[in-house]
Amino acid sequence: MSAAGSKNKRSRSSRDDPEPLAQKKKKVIVWRHEDPDAWVISDADLAKMKRDQESAPRPVKIPTIDYFKPPTWFHTAEVFAVRESGSEAVLSAAKFLLGISSSLDGEPLRRCSGFWVDWDEEKKAGLVLTTAWLIRTKDAPSSVWSGGEEYAPHADVTVHLLNGTSAKGTLVYYQPHYDIAFLNVEVDQPIKLPTFREKDVKFAEDVFRLGRDNSLDLRITYARAEYRNPNMYRRYHNVHFRSPDGHGDDNEYDNGGLVIDLKEKVVGMVNLPKRFGTFIPSSILLNCLDSWKKYRCIARPQLGMMFEAIKLLEPAHVDMLWRMYNIDYGLIVQEVSKGSNAEILEIQKGDVIECINGKPVSTTIEVGVLEILLG
């Protein structure tokens with residue numbers, strides 16, 4: 001073949017090729033950003049990366065190097081001021097925090113938390129405090145004051161221990177009004193018991209709410225204690241949470257879990273975290289525990305009244321009551337139950353109760369303590 005023929009052939013093949021010569025250059029994928037250092041990765045490099053990933057050995061999950069996504073807001077700026085002292089308190093208190101689950105007729109019922117409160121060395125058994133919600137099968141249809149809740153004392157209870165094993169929990173007592181339950185659990189080693197704070201937390205005091213999820217991972221919520229007067233959905237012995245970051249009030253696994261202060265002392269037990277974010281203060285828990293140990297029950301007299309604490313009203317309202325009636329503490333009666341002793345004594349809505357059985361009262365929590373003591 002002549003040189004001219006060869007040249008024409010090369011010219012024709014170039015001209016007839018369906019793909020333009022410019023597109024025969026290496027193709028690239030570009031992520032366009034304003035950043036001039038944006039990545040540019042070729043198809044070939046991308047394919048190689050994919051082959052390397054597919055041929056690489058599967059990663060081994062090792063807790064010490066595994067990525068752990070915090071199920072908490074403990075790493076946020078709102079917690080910086082108390083993070084160091086809070087971390088020490090939380091990690092110490094976590095040693096007596098457990099996971100608890102219940103089932104009924106083979107079907108899962110509830111999952112919550114609980115914590116050790118007593119230990120019998122001779123019987124090698126521990127006492128666990130948790131919420132009566134653990135065995136609740138039906139909530140109140142309208143309000144907690146109207147009743148209608150139903151419970152299953154015969155439900156099967158499992159206590160999930162910190163070493164990854166589980167043990168059968170035996171329900172020994174539950175009290176719907178205070179929303180507490182006691183479980184006996186046999187364990188083959190001594191357990192760590194918490195220290196309760198005798199005096200209740202103050203308004204706006206820093207606290208941590210602790211619970212364990214299905215994997216026994218620790219759930220931590222930073223909050224401040226907030227006192228409010230009760231409404232139809234809350235008992236008058238409950239204290240509220242106020243999370244500075246606006247999160248953390250929707251984790252039902254926390255129910256029955258711990259509330260601690262910055263010194264690791266227990267200041268309450270989580271109650272109704274999903275809807276209202278409240279906890280039962282330590283004064284109520286200690287008196288309930290003491291009553292159960294002494295009498296194996298927690299009696300509660302029916303006062304037949306609902307109250308609102310004067311000290312929790314708006315300051316201007318408190319000032320008005322003082323100016324007009326010379327009253328600056330006590331409980332305002334909000335409701336009187338039909339047929340109750342309060343009605344027989346002709347106590348009416350709007351009356352002020354300054355003492356019960358000779359003991360002055362200024363908060364509804366004090367009423368809860370007196371109920372236990374008077375019972």
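Values reported hereafter were calculated over all heavy atoms of this structure, with side chains retained and with hydrogens, waters and symmetry mates removed.
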inquiry  = Quick check on the hydrophobic clustering: are Leu312 and Leu321 connected, directly or via other members, by side-chain heavy-atom contacts under 4.5 Å?
reply    = no

task = Answer yes or no: is there a side-chain heavy-atom contact under 4.5 Å between Lys50 and Leu46?
result = no

task = Run the numbers on Leu98 and Ser113 for side-chain contact (heavy atoms from CB on, under 4.5 Å), then give the verdict.
result = CA-CA 6 Å; Leu98 307 165; Ser113 300; over 6 Å; no

key: Ring-face cation contact, Tyr253 with Arg212, 6.0 Å cut, 45° max   = no

ask   = Does any pair with a residue in residues 90-107 pass side-chain hydrogen bond (donor to acceptor under 3.5 Å, both in side chains), and if so which ones, sequence neighbours excluded?
value = Ser92-Glu264, Ser101-His160

Qualifying ring pair (Phe, Tyr, Trp, His ring centres under 6.0 Å) pairs with a residue from residues 83-116, counting only residues at least two apart or across chains = none

ask   = Taking side chain as C-beta onward, heavy atoms only, is Leu134 less than 4.5 Å from Val157?
value = yes

task = Could you verify whether a donor N or O on one side chain and an acceptor N or O on the other, from Tyr151 and Glu149, lie under 3.5 Å apart?
result = yes

query = Does Val128 share a hydrophobic cluster with Ile280, counting links as ILVMFWY side-chain heavy atoms below 4.5 Å and allowing steps through other members?
reply = yes

query = Between Glu354 and Tyr329, is any pair of side-chain heavy atoms under 4.5 Å apart?
reply = yes

request  = Determine, stepwise, if the pair Leu289 / Asn287 fulfils side-chain contact (heavy atoms from CB on, under 4.5 Å).
outcome  = CA-CA 5 Å; Leu289 180 60; Asn287 280 282; over 6 Å; no

message = Is there a salt bridge (charged side-chain N to carboxylate O under 4.0 Å, His left out) between Lys294 and Asp290? Walk through the geometry before answering.
response = CA-CA 6 Å; Lys294 289 180 179 177; Asp290 183 65; 3.2 Å; yes

message = With a 4.0 Å cut-off on N to O distance, would you call Arg323 and Asp319 a salt bridge?
response = yes

ask   = Between Lys311 and Asp328, is there a side-chain N and carboxylate O pair less than 4.0 Å apart?
value = no

message = What's the separation between atom CG in Asp120 and atom CG in Leu127, rounded to the nearest 0.5 Å?
response = 10.0 Å

From CA spacing to verdict: side-chain contact (heavy atoms from CB on, under 4.5 Å), Val267, Ile260 = CA-CA 5 Å; Val267 298; Ile260 64 169; 5.6 Å; no

Residues Glu226, Arg224: salt bridge by 4.0 Å N-O rule = no

ask   = So, do Thr170 and Val185 sit near enough that their side-chain heavy atoms are less than 4.5 Å apart?
value = no

ask   = Are the aromatic rings of His237 and Tyr178 close, with centres under 6.0 Å apart?
value = yes

request  = Sequence neighbours left out, what passes side-chain contact (heavy atoms from CB on, under 4.5 Å) with Asp188? Give chain and number order.
outcome  = none

key: Check: Phe182 ring centre within less than 6.0 Å of Tyr174 ring centre   = no

task = Could you state whether Leu216 and Leu161 fall into the same hydrophobic cluster, counting links through intermediate Ile, Leu, Val, Met, Phe, Trp or Tyr residues with side-chain heavy atoms under 4.5 angstrom apart?
result = no

ask   = Per the salt bridge (Lys or Arg N to Asp or Glu O under 4.0 Å) rule, which among Lys263, Arg242, Lys199, Arg197 passes with Glu205?
value = Arg197

message = Hydrophobic cluster membership, with links at side-chain heavy-atom distances under 4.5 Å among I/L/V/M/F/W/Y: are Val318 and Met320 in one?
response = yes

message = Do Ile180 and Thr131 make a side-chain contact, defined as non-hydrogen atoms from C-beta onward lying under 4.5 Å apart?
response = no

key: Set of side chain to side chain donor-acceptor pair (under 3.5 Å) partners for Glu54, sequence neighbours left out   = none

request  = Any ring pair (Phe, Tyr, Trp, His ring centres under 6.0 Å) involving residues 196-218? Give me the pairs, sequence neighbours left out, ordered by first then second residue.
outcome  = Phe74-Phe208, Phe208-Tyr222

query = Side chains of Asn271 and Asn255: do they bring a donor and an acceptor to under 3.5 Å?
reply = no

request  = List in chain and number order the residues that pass salt bridge (charged side-chain N to carboxylate O under 4.0 Å, His left out) with Arg111, two or more places apart in sequence or in another chain; answer none if no residue qualifies.
outcome  = none

task = Verify the distance criterion only: is there a donor paired with an acceptor across the side chains of Asp217 and Ser215 at less than 3.5 Å?
result = no

Stepwise side-chain contact (heavy atoms from CB on, under 4.5 Å) check, Thr221 with Asp254 = CA-CA 9 Å; Thr221 303; Asp254 292 357; 4.1 Å; yes

